Amino acid sequence: PKVELAHFYDALEERLCNSPRLCELLSTKNLAVLSNALARQRCPLVPERGEEPLTSWQLEEYVGRRVQDFDPPSLCIVLNAAMRLRRGGQALFE
């Protein structure tokens, strides 16, 4: 099952990276749930130390454009996912 999940999330990440309009079509809640699922798969509960992002999907770009549109629970979820994926920082709020 872990191998199938890894293949699924690899394909999902590839689709998100290669189809920028797809992220623009997602609701903020869907974007939050999707980013959280990817973060949970890419980063276990005890993350390894490192600087490199754990995904090539530029999550911060899509979240940053719509940060005002997130309801509070969705914003918490997506910010947690960005942190776990090592994406974000100041780029989220510019």
Side-chain angles (χ1 to χ4, degrees):
K2 287 185 178 184
V3 173
E4 287 86 8
L5 275 177
H7 289 306
F8 171 80
Y9 282 106
D10 289 343
L12 175 64
E13 180 180 13
E14 182 179 340
R15 184 69 160 174
L16 291 168
C17 291
N18 294 330
S19 305
R21 294 232 344 115
L22 177 62
C23 293
E24 294 171 11
L25 298 174
L26 293 171
S27 72
T28 53
K29 287 185 181 186
N30 287 338
L31 188 59
V33 170
L34 196 81
S35 63
N36 186 55
L38 184 62
R40 291 182 68 177
Q41 195 274 332
R42 294 284 192 246
C43 180
L45 290 177
V46 181
E48 298 175 8
R49 301 236 183 253
E51 298 294 320
E52 293 296 314
L54 298 178
T55 180
S56 55
W57 177 36
Q58 295 180 349
L59 169 64
E60 68 278 10
E61 180 180 335
Y62 301 104
V63 173
R65 286 187 210 156
R66 298 166 60 189
V67 73
Q68 301 285 334
D69 299 333
F70 285 90
D71 62 12
S74 295
L75 184 59
C76 288
I77 290 169
V78 81
L79 291 176
N80 183 40
M83 185 241 358
R84 289 178 78 170
L85 292 169
R86 299 185 196 137
R87 303 287 317 196
Q90 190 173 354
L92 273 171
F93 302 101
E94 292 181 341

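Not measured: the values here are computed from a predicted model.
Taking CG of Leu22 as the reference point, atom SG of Cys17 lies at 11.0 Å (rounded to 0.5 Å). With rounding to the nearest 0.5 angstrom, the CZ atom of Arg66 is 9.0 Å from the SG atom of Cys23. Rounding to the nearest 0.5 Å places CG of Leu31 at 8.5 Å from CG of Leu16. With rounding to the nearest 0.5 angstrom, the CH2 atom of Trp57 is 5.0 Å from the CG atom of Leu34.
Under the rule for a side-chain contact (heavy atoms from CB on, under 4.5 Å), the partners of Gln58 that lie at least two apart in sequence or sit in another chain are Glu60, Glu61, Arg87.
In terms of heavy atoms, Phe70 sits closest to Thr28 at CE2-O, 3.2 Å. Across all non-hydrogen atoms, the minimal contact from Arg84 to Ala39 is CB-CB, 4.0 Å. In terms of heavy atoms, Ala81 sits closest to Leu59 at C-CD2, 4.5 Å.
By the criterion of side-chain heavy atoms lying less than 4.5 angstrom apart, applied directly or through intervening Ile, Leu, Val, Met, Phe, Trp or Tyr residues, Leu26 is grouped together with Val78 in one hydrophobic cluster. Leu79 and Ile77 are assigned to two separate hydrophobic clusters, defined by single-linkage of ILVMFWY side chains at heavy-atom distances under 4.5 Å.
With Ser35 contributing its side chain and Ala32 its backbone, the two residues share a donor-acceptor pair below 3.5 Å.
Side-chain contact between Arg40 and Asn36 is present, with at least one heavy-atom pair separated by less than 4.5 Å.
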Could you go through residues 5-12 and list every donor-acceptor pair under 3.5 Å that involves a side-chain atom there, pairing it with any protein atom two or more places apart or in another chain?
from	atom 1	to	atom 2	distance (Å)
Asp10	OD1	Arg42	NH1	3.3
Asp10	OD1	Arg42	NH2	3.0

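Screening residues 28-37 for salt bridge (charged side-chain N to carboxylate O under 4.0 Å, His left out) gives Lys29-Asp71 as the qualifying pairs, with residues at least two apart or on separate chains.
No more than 12 heavy atoms of other residues, nucleotides or ligands sit less than 6.0 Å from atom CD of Glu14.
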